[in-house]
Amino acid sequence: MDCSVQRLAPLVLGSRREQGNMFLIPDREQPECEHLMKRIPSVKKSKDWSYSLIVASLIGAFGSSFLYGYNLSVVNAPSPYIKTFYNDTWEKRQGHSIDNSTLTLLWSVTVSIFAIGGLVGTMMVILIGKVLGRKCVLLVNNAFAILAAVLMACSRQAGSFEILILGRFIMGIDGGIALSVLPMYLNEISPKEIRGSLGQVTAIFICIGVFAGQLLGLPEILGQESLWPYLFGVIVIPAFVQLVILPFLPESPHYLLLEKHDQDGAEKAFQTFLGKMDVSQEIKEALAVSRVQRNIRVVSVSELLTRRSARWQIITVIITMACYQLCGLNAIWFYTNRIFSTAGIPTEKIPYITLSTGGIEILASIFSGLVIERLGRRPLLIGGFVLMALFFGILTVTLTLQDKAPWIPYLSIICILSIIASFCSGPGGIPFILTGEFFQQSERPAAFMIAGTVNWLSNFIVGLLFPYIVEGLKTYCFLVFAAICILGATYLYFVLPETKNKTYAEISRVFAKRNKENLPAKKTEQARANGQANGQANRKSELESSFTLDNRI
């Protein structure tokens with residue numbers, strides 16, 4: 001932002017007319033100007049949630065992150081019926097029942113193929129996002145969800161488990177695109193004052209999706225042998241709702257301004273999302289980012305990986321996303337029934353105990369959304385991993401000693417609920433927020449592709465290997481996840497800065513020291529700024545004289 005007196009004079013004079021006083025703002029460096037501008041009432045930003053902002057976040061998340069969460073849990077309740085379907089289909093084709101090892105392999109592929117599809121979807125983001133933009137990608141993505149729902153719902157009638165696996169793969173593509181584009185969209189349409197809270201909408205709807213999958217999977221609803229295909233057909237409803245409502249909302253104003261160079265469209269989008277007519281300040285801030293990135297061009301993944309200025313941001317995102325998946329919560333989501341069975345819970349009670357985990361997820365994620373702008377990203381993320389490690393350790397003890405007393409299995413349930421609450425209060429949503437905050441406009445698609453690749457590869461590893469980890473380590477398997485949580489929390493404690501209520505430029509400056517960016521370039525830039533300041537001295541003195549005279553009058 002240009003902080004010369006000429007640029008600030010109209011703002012200051014406007015403030016004086018309203019407040020009856022006068023500020024004389026010298027031409028200083030940008031951080032001091034930002035500090036002074038925060039004191040000027042006329043440029044203070046509104047923190048109100050506009051109606052359009054709320055609708056965009058809810059509809060975007062309902063058709064995107066909700067489906068991701070739903071598909072994490074929907075395979076859990078009908079798993080016995082799906083395995084029976086696999087066995088019947090195999091017997092019809094081969095003339096004999098399927099052996100246990102083959103059935104375990106097919107089931108592991110069914111669960112983990114969702115992550116492979118997610119990886120493919122993540123890699124598609126840069127290709128289609130550059131042309132279509134954030135909102136249009138979300139709309140086009142619904143085609144994958146609808147196609148996947150039709151395939152999975154018709155798999156039993158067609159007598160083909162391959163169709164079910166293919167549907168899970170396509171649904172993974174939908175999830176990969178959604179978890180990359182939705183956080184970008186929400187990050188770019190929200191004011192920085194509520195960027196964290198709005199970003200948590202992604203995590204909240206993941207939890208709501210998990211709960212919906214558990215609820216509809218109850219035996220009283222769709223968790224029956226004759227109805228389980230409809231569990232997958234339900235996917236068309238969120239996709240259709242988003243397809244109908246989202247077209248009436250604007251595209252990301254930052255995308256319109258910085259990549260499409262459509263200032264009129266960006267101004268209208270800002271007005272719609274912020275609920276006010278005067279958005280000149282938001283346009284100026286966005287254009288300031290544009291001046292920093294002289295040639296706005298979406299960078300490739302290889303270019304971003306080789307940029308010295310983004311080195312520690314990339315490392316932090318990779319470690320955070322890896323911990324997000326490898327911390328063990330997906331293992332609980334995928335294999336909740338097995339965990340509760342190991343804890344000694346009767347089979348007929350397991351679906352209802354599982355339902356409680358979804359409720360805890362929703363409450364914890366809502367709590368995080370309410371306090372994230374007060375406590376910040378850093379305490380919630382590090383504290384969540386530390387608490388998860390603690391409860392994983394206690395869970396290992398309770399599972400090992402579960403035969404010693406009748407109350408110990410219920411203590412295991414408390415540990416599982418505590419692990420879920422710890423995850424959803426911080427690690428469950430903040431990694432997506434940080435990925436959007438760490439990088440500039442031109443770097444963001446590549447950054448989300450890197451984060452998504454790590455996310456889905458880690459997801460696939462957990463889904464594929466967890467059954468074998470359980471068989472090998474028994475009750476000690478959760479110590480592996482506890483160690484990962486401790487390592488992640490330790491790294492974040494020493495490296496992660498607080499990004500609460502900071503602009504993208506301020507966050508970049510925080511990382512600049514750690515990245516050891518080129519200091520001579522900074523000196524050259526400072527000299528250029530000093531030259532501009534000297535060149536403006538005469539005009540400033542004239543304006544100062546007029547300010548003083550105006551103040552006396």
Side-chain angles (χ1 to χ4, degrees), residues 46-74 133-142 144-146 149 174-175 177-216 234-255 268-276 358-359 361-373 424-425 428-430 432-433 436 448:
S46 172
K47 297 184 181 181
D48 295 335
W49 291 65
S50 70
Y51 174 78
S52 298
L53 196 62
I54 294 173
V55 172
S57 60
L58 296 182
I59 296 300
F62 183 55
S64 301
S65 58
F66 172 88
L67 290 180
Y68 169 76
Y70 183 83
N71 281 279
L72 285 177
S73 65
V74 72
R134 318 302 191 230
K135 186 187 78 170
C136 291
V137 169
L138 292 176
L139 290 172
V140 171
N141 196 33
N142 291 300
F144 291 108
I146 295 172
D174 174 270
I177 295 174
L179 288 191
S180 295
V181 178
L182 177 65
M184 269 195 288
Y185 184 61
L186 297 182
N187 189 282
E188 292 174 5
I189 68 175
S190 59
K192 71 176 187 297
E193 291 86 358
I194 59 171
R195 193 170 56 218
S197 297
L198 194 70
Q200 277 296 97
V201 172
T202 300
I204 292 172
F205 270 81
I206 290 176
C207 298
I208 294 175
V210 170
F211 182 78
Q214 295 168 344
L215 180 64
L216 295 179
V234 169
I235 292 171
V236 301
I237 297 176
F240 180 76
V241 170
Q242 188 183 80
L243 202 57
V244 170
I245 298 178
L246 198 59
F248 295 98
L249 295 166
E251 177 59 87
S252 160
H254 287 269
Y255 171 80
K268 292 178 182 178
F270 271 127
Q271 290 171 344
T272 301
F273 286 129
L274 301 182
K276 60 181 183 180
E361 291 168 10
I362 295 174
L363 293 177
S365 59
I366 291 175
F367 166 79
S368 178
L370 293 175
V371 303
I372 189 172
E373 297 300 347
C424 294
S425 63
I430 292 177
F432 300 100
I433 299 173
F448 271 98

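Residue numbers run from 1 in the order of the sequence given.
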Qualifying residues under side-chain hydrogen bond (donor to acceptor under 3.5 Å, both in side chains), relative to Ser252, sequence neighbours excluded = Glu188
For Phe66, what residues pass the ring-ring contact (aromatic ring centres under 6.0 Å, His included) criterion, not counting sequence neighbours?
-> Phe62
Does the Ser365 side chain pair with the main chain of Ile362, one donor and one acceptor, at a distance under 3.5 Å?
-> yes
Kindly state each residue pair satisfying salt bridge (Lys or Arg N to Asp or Glu O under 4.0 Å) with at least one member in residues 59-71, sequence neighbours excluded.
-> none
Just jot down the ring-ring contact (aromatic ring centres under 6.0 Å, His included) partners of Phe270, sequence neighbours excluded, or say none.
-> His254
Side chain to side chain contact (heavy atoms under 4.5 Å, CB included) partners for Ala145, two or more places apart | Leu67, Met171, Asp174, Ile235, Ala239
Could I get the full list of side chain to side chain contact (heavy atoms under 4.5 Å, CB included) partners for Ile245, not counting sequence neighbours?
-> Val55, Ile59, Val241
Under the salt bridge (Lys or Arg N to Asp or Glu O under 4.0 Å) rule, collect the residues that match up with Arg195, sequence neighbours excluded.
-> Glu437
Hey, does the side chain of Asn71 reach the backbone of Tyr68 with a donor-acceptor pair shorter than 3.5 angstrom?
-> no
Under the salt bridge (Lys or Arg N to Asp or Glu O under 4.0 Å) test, residues paired with Glu251 that sit two or more places apart = none
Residue from Leu363, Leu370, Val371 passing side-chain contact (heavy atoms from CB on, under 4.5 Å) with Phe367 = Val371
Residue pairs involving residues 50-71 (criterion salt bridge (Lys or Arg N to Asp or Glu O under 4.0 Å); sequence neighbours excluded) | none
Do any side-chain atoms of residues 198-205 form donor-acceptor pairs under 3.5 angstrom with protein atoms, and if so which ones, sequence neighbours left out?
unit_1: Gln200; atom_1: NE2; unit_2: Ser368; atom_2: OG; d: 2.9

Ile54: partners by side chain to side chain contact (heavy atoms under 4.5 Å, CB included), with sequence neighbours left out = Trp49, Leu58
Does any N or O in the side chain of Gln214 come within less than 3.5 Å of the main-chain N or O of Gly358, such that one atom is a donor and the other an acceptor?
-> yes
Sequence-distant partners of Val244, side chain to side chain contact (heavy atoms under 4.5 Å, CB included), two or more places apart = Phe240
